[in-house]
Structure formats: structure tokens, C-alpha cells
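Read through the structure below, which is laid out as C-alpha cells, and then see the notes.
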Protein chains: 2
Amino acid sequence: MQRKSGHVTLLDIARACGYSVSTVSIVLSEAPLSQNVAATTREQIRKMARDLGYHPDAYARSLRRRRSQSIAVLAYDLSDPFCIPIVHGIQAGLQPVNYMPLLVDAQTQRKLFDSYLRMILERRAEGVIVIASWIFQETNLLDDVEKNQVPIVIVGRDLTNRNVSSLLVDNEAGGALAMRHLIELGHRRIAIVRGPQELFDTELRWAGVQRAAAEAAVKIDPKLVYQLPNITNSTSGFEGGFHFANEMLASKRPFTAVLAFDDLTALGVVRGLNGAGVRVPDDCSVVGFDDVLPAAVATPGITTVHQPLKEMGLLASEWTLQAINAREGQSHKPAQLYNASPELIVRMSTARCPSAPRKIRP
Amino acid sequence: MQRKSGHVTLLDIARACGYSVSTVSIVLSEAPLSQNVAATTREQIRKMARDLGYHPDAYARSLRRRRSQSIAVLAYDLSDPFCIPIVHGIQAGLQPVNYMPLLVDAQTQRKLFDSYLRMILERRAEGVIVIASWIFQETNLLDDVEKNQVPIVIVGRDLTNRNVSSLLVDNEAGGALAMRHLIELGHRRIAIVRGPQELFDTELRWAGVQRAAAEAAVKIDPKLVYQLPNITNSTSGFEGGFHFANEMLASKRPFTAVLAFDDLTALGVVRGLNGAGVRVPDDCSVVGFDDVLPAAVATPGITTVHQPLKEMGLLASEWTLQAINAREGQSHKPAQLYNASPELIVRMSTARCPSAPRKIRP
DNA sequence: TCAAGAGATTCAAACGTTTGAATAAGGACG
DNA sequence: CGTCCTTATTCAAACGTTTGAATCTCTTGA
């Protein structure tokens, strides 16, 4: 009974129980017509399909239906812990409608990116979700996708100006949240490690930090503001944090807290401070951003700004499905922007400023 | 010129330059016959394909060729940092032969696992690579795959007894490596946190630990041996480590080092010890296993046992491709086992035993 | 008795490729 | 002039589904 292809087909089932391929198809795909099929026939066909271990061929089906039932999820760098919760959200959104996520990791390599983009196009993904943890300037990479009228949604970056629906955390609010936390703990001399210039997040978080400082009438010493170089690999944030912690100490300028661009940078700062005998949080507080696993399991646990990544992933998948359905109905879904509200997660790396008088909260 | 499907087909190209679909297909797929096609024709067709932005339809092609050109990568829990380097290795192996990895994350949920397995079968993956970071006992889940004669390779677990090619780190050697390191640093009173009973790794690492102890004539105090409960979520290792650190301290039994089942457990131990004012590594050394990112960026960095994950992933993809080719040629590739050599990564969490006399190495 | 409808099932074309076999147009040779 | 190679191109069937239209067999009502 082994077919040459090694897979059971409708024809096998049809022959095995004496009906035509059409009838079998109608029953197994639960087409509207199947209510006209005699109940006994239905049962017989279903049983045979089960016995033979039939699985419909997605290729034949998609070819005929002209729907691939799949959505590409293109991560720029899956090794960034930031990505996984987003992927989980996407999976959760795709599961109920039986869409397959085509998850690929470009590993920040242009060559891989192109190659996977081609595969995605060939596999006729009905939509593309891009997870841009940190992303090159080159955004025209997706032109090919747009040309084929495939809806795109991007997570982690705002591309609404290019008419692409985007979901990201409200970086300005997050920066302010982190800064306000330090200020409320009594810190006044706060060192800042800004993100790399190439990232959009950098300016927004910085704006939030400045706003919070201004609101509390706290001055930021420009000599205590550092900027990470452009990213070269996934641990360059850590190395940058380590490096700048040493610079801060060498500068001899007093500071009691460090606001780092992200969690890995914060962990690098902690390492740097520790090496010089500065204890966190007793002598100096450190705050991060992103709430990734390493920040949670380090000791001290890093106080950080949490992004609702899973929710963002879920919403991204919903938007993509809506865009697909809209296109199906000849209409068009305009690009949307979702600015997720960040949340402060207080752990052990921040404490009341040692020299500061206890402040009475209003 | 917009097709109803929204995608350019061979027919479009054929019409546009006045040749038949066959000729176009022969040229673009670089079939053997294409050397018979006039050079001018070839060029003309290629140009038109480029201009129209043609991408061959993988569904039609696979249907006809009876090859899906894709391999499923089924991760039990992608949020385990352990998985990503393996995936990178697999991608590296699949890239040159133009296979698409169908990467899915079962999130340790039976329901998801089943659902994705069905999708994989429907998409006619030619092979399946399972990444079993930590895995249920239920191994018959893959029966359905085997029934369809799809080759399976598993990473992170030995299933050669079920005739499945397996790649994993030599856990026994790794356990011995970690233990020997502590012993060489002069530690004699070493607490051990064993892994969960349900994991095969647990017994093997434990055997290695015991061997190293025996070889050095060091006794392991059974009262200082703990066992992690079965895993419920991805941070339960951390929580277990934290919990047992407190138990060790409460037991009042002296110990100068802790050998933890994996890195997250080690990080939990560090947190627990720190909470009681025990400094790592000054008062107590801690060693982990796996070499995941959080272990590297924590302070102190965790001394650990590295697994060559990327190489294992690469080899897994090669084995899978070999098995596919073998099946193509009507032959059969017998199940193989690869025991990767672990490597000790010395960081900052281990130090010479405070009370021990300096030992002269031979 | 016949037309009309309902119920159950099948026909046949289509989706976009690939590929073995067929065709057509040119020589070269006996 | 017919035969036999090349060279260049096309035919047509097939892959496994889906689905609008068609067929066949009953029943029902006039």
C-alpha cells in the first residue's frame, strides 16, 4: 500500500473505500457540500483517512486554494533574548487560525537576510512580520516584499513614515520612567550611557530621560553622558557598559547612579563597577532597559523597564491577519502605530542614594 | 499586467517574450536541456524574469518535483538560550543547499507540539531535527513522523536505542570536568545540585562527578547532595538553585563550593548565597553547566562547562541531509551517535579554596 | 405518467511547475 | 532526394488538491 511518494493521498483513500476523489476531498476538507454527503459515507471516509494516516498535502492545497496559510517572521537577530517573547506572542495569534509561522533568523547578516527573503517570497508567505531588535539603516530591503503586495508589520521600530504598521515600546516614556525612579531614590549625580547612534530608540529614550530630569529640576552633567558605539555583535552592549564604567571611575567625577541603555549594558556597568570595588546598589545604583532573562537572574537583579513583548507579538500577528483579510476583500488596511506602555520593574540594583536625605513622597 | 494571484508566473514571462512555458521553465530552472536553448533566448528570458520580479512558486515546484526543500526544526523550548546556537548551526548547514528550515517552538506545550507536528507533516518536511533542551518522557510523539519515513535527528538527548540519530554533549565528561576543576582548586566539601529526575543528563553528569571525586579520593557528603524537582517553567532551575542554597546554609554543614546542574541553577545558588552574605567566589565557589548568555554577563561571571552547540547543530543538519539523500537512493542511513567534547570555561565564580594549602601541580 | 426537485455522488478543469517525448527547421552525407 | 543527425523549441501529462457544474437516482406532487 506504500505510494511512491511515501505519502497517502486522496486517491488512496478514494480507492480504498470506493468513492471518488471529489467526495473524499469534500468530506475531509469539510467543504460546504459535505452536508449533502450521506452520514455513513462521511464516517467511512473519515475512518479510512485516520487508519491510513492521511495528511493533506499543503503544497497541492495551497496551489489550488492560492493561499499558503503561512506568515513569515523575520528576526534580525534571534539570539537577542528580546525576540523570543515576541515570537511567542505571534505564535499565540497564529495558532487559532491555523497559520504556520515561517520563522527565520537573519543573524544580522545581509547575505542571510536576502537569501531568506527570497525563500519567503517563493513560499508565498501571505504576510511578513519583521522583528528588528537592532537594525541597519537599510530599510529598502523590504521593497521586494511590498512589490508583491504582501502586507508587512514591524516590531521594535517605527516605520509608519514608510507606510508600514509598527509596534514598539514607548521609548520616551520608558526613559522617563527609569530616570524618575533614580531621582525619586534621591540620586542627583546620574551617569547616562546612551545607545548607539544608529538606533532610533536612542534619541527617544534620551528625550524621556531629559524630560524627567527637567521636571525634577535635576541637572545632567554632560561629562557623565556616554554613548555606545555602533553595534558589532550581540554582546557589544555588555562590553560597552564595562568600558564606560571604567571611564566614569577614571574621570573622578562623582556619581551615585548609572542609567544604562539596555540590560546588557547595565550588566556590563555592574561588572565594571565591581571590578573597582564599587558595590551595587550600596555605593551606586544601576538601571537597565528591556527586562531580558540575564537581568532577572543576575545578582543583584537589575532594575529595568519592561516591554510587553508578548502582547506586541500577538497584536502584530492580528494586524497582519487583518491586513491579509482586507486585501482579500479588495480593501486596504492603513498603517497603524502601537506605542506600548513600558513598566518599571524594581529589582535589587537600585537603592536610595547613600548621601541623600529621606524624601517625603507627597 | 497584474495577475489575479498577485504573483508573476512562468506564463507571464512566456507571453511577454513569445516563448512557451516549457522553454522559460527550462531556462530559469537551469535544467540540463537549457544548454540546447539559444544563448540569445536564454538572456532574453532571464532579463524578462528579472524585470517582472519573478519568483518561482515553491508550492507548484515542490508538488511537481515531490521535494519540499525544507527541514523542520522542532524546538521544545526556544526560550532556553541553549537552543539558539544550535539553530544557527542548522541554518549554516542548510543554507548552502538551499533548504528552508521550518523552525517552530513547542513552548513545552503538548497541544502546540501536536499542532506543529501536523503542520510539519502537511508541509512535507523532508526531515525533522528535534531540539530537546528538556523533554518529556513521551518520546512516541514522533511515531507519526517515522511512519511517514521522514528521517529524524535529535539534539540534546540520546535516542539511539530507538534508532534515532542523536547528538549531545558528553555529559559524563562534562560533570567530571566541573568536579575536577573544583577539586584542583582545593575544594573538598562540595555541595551538588543534581538535575531533575526526568532528565537523562542528570544521571550522566552525576556519574562524571562521582568518577572525578573517586579519582581524587574526595568524598561527597550525601547530605550535601540535592535534587531539582521536575521542571515546570524555564526559570525553575534558577528558583531551585536559590532554594537549595538556602537549605545548604540552613543545614549548617560546612561547604566551600557548589556544583550546580546548569547555569541558571548556578545563578540561583549565587543569589541565595549572596542573600546570606556569603560572597562568591571569596567564601564559596560555584560552577554551572551549558555556558549560556546569562552566565557570561552576570557578575561574577559563572565558571561553566561549554557545549559546542553550533557545531552540533551543523552536524545535525548534515546528518539529516545525508539521511534524505540515502532514502532518495533507496538505501538507509543507520542511526548514529555524536558525543561532543565539553570544554571548561573558567570565569570568576570559582577560586582557590580559602582554607586549602596551595597545591603543587605535577 | 411525467416533471420537478432533493439528495448523493462524480466530472473535469484549474492552480504553476517540471520533464520525457515529440516536433520543426536546418544542414551534411550517401 | 531521402535519411540521419543537430539544434531549438514545444506538447502534454503529471504532481494532489479544490470546486462549479454535471450526472444519476429517488421521491413527491399534480
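Not measured: the values here are computed from a predicted model. Every chain is numbered from 1 and lettered A, B, ... according to where its sequence line falls, protein lines coming before strand lines.
- Regarding A/L10, its CG atom lies at a distance of 19 Å from the P atom of C/dC15, rounded to whole Å.
- When rounded to the nearest whole Å, the span between OH of B/Y59 and C1' of C/dA14 equals 18 Å.
- Among the nucleotides D/dT18, C/dG16, C/dC11, the one closest to the side chain of A/S22 is C/dC11.
- The CG atom of A/L11 sits 12 Å away from the P atom of D/dA14 (whole-angstrom rounding).
- A/R65 places its CZ atom 16 Å from the P atom of C/dG16, with the value rounded to the nearest Å.
- Side-chain contact of B/E126 with B/S70: a donor-acceptor pair under 3.5 Å is absent, judged by distance alone.
- For the segment residues 26-42 of chain B, residues with any heavy atom less than 4.0 angstrom from an atom of DNA chain C are, sorted by number, B/I26, B/S29.
- The two residues A/D105 and B/H88 have their closest heavy-atom pair at OD2-NE2, 2.6 Å.
- Between B/S20 and D/dT10 there is a side-chain N or O to OP1 or OP2 distance below 4.0 Å.
- Residues A/I129 and A/I71 have side chains in contact (heavy-atom distance under 4.5 Å, counting atoms from C-beta outward).
- For the OP1/OP2 pair of D/dT17 and a distance below 4.0 Å, the side-chain nitrogens and oxygens of A/Y54 include at least one atom meeting the criterion.
- Scanning both residues, A/R124 and B/H55, for their nearest heavy atoms gives NH2-O, 2.8 Å.
- For B/S25, no side-chain nitrogen or oxygen approaches OP1 or OP2 of C/dT17 to under 4.0 Å.
- Residue-to-nucleotide contacts include no donor-acceptor pair under 3.5 Å from the side chain of A/T23 to the base of C/dA8.
- Counted by atom type alone, A/S317 and A/T320 present zero donor-acceptor pairs between their side chains at under 3.5 Å.
- For A/R64 against D/dT18, a side-chain N or O and a base N or O form a donor-acceptor pair under 3.5 Å.
- Taking 4.0 angstrom as the limit, B/R66 places none of its side-chain polar atoms (N or O) nearer than this to OP1 or OP2 of C/dT18.
- With no hydrogens or angles considered, no side-chain donor-acceptor pair links A/Q107 and A/Y76 at under 3.5 Å.
- When distances run from any side-chain atom of A/D57 to the nucleotides D/dT17, D/dC11, C/dT17, the shortest one goes to D/dT17.
- A side-chain donor-acceptor contact under 3.5 Å links B/Y99 and B/R67.
- When rounded to the nearest whole Å, the span between NE2 of A/H55 and P of D/dG16 equals 16 Å.
- Rounded to an integer number of Å, the gap from B/R61 CZ to D/dA14 P is 22 Å.
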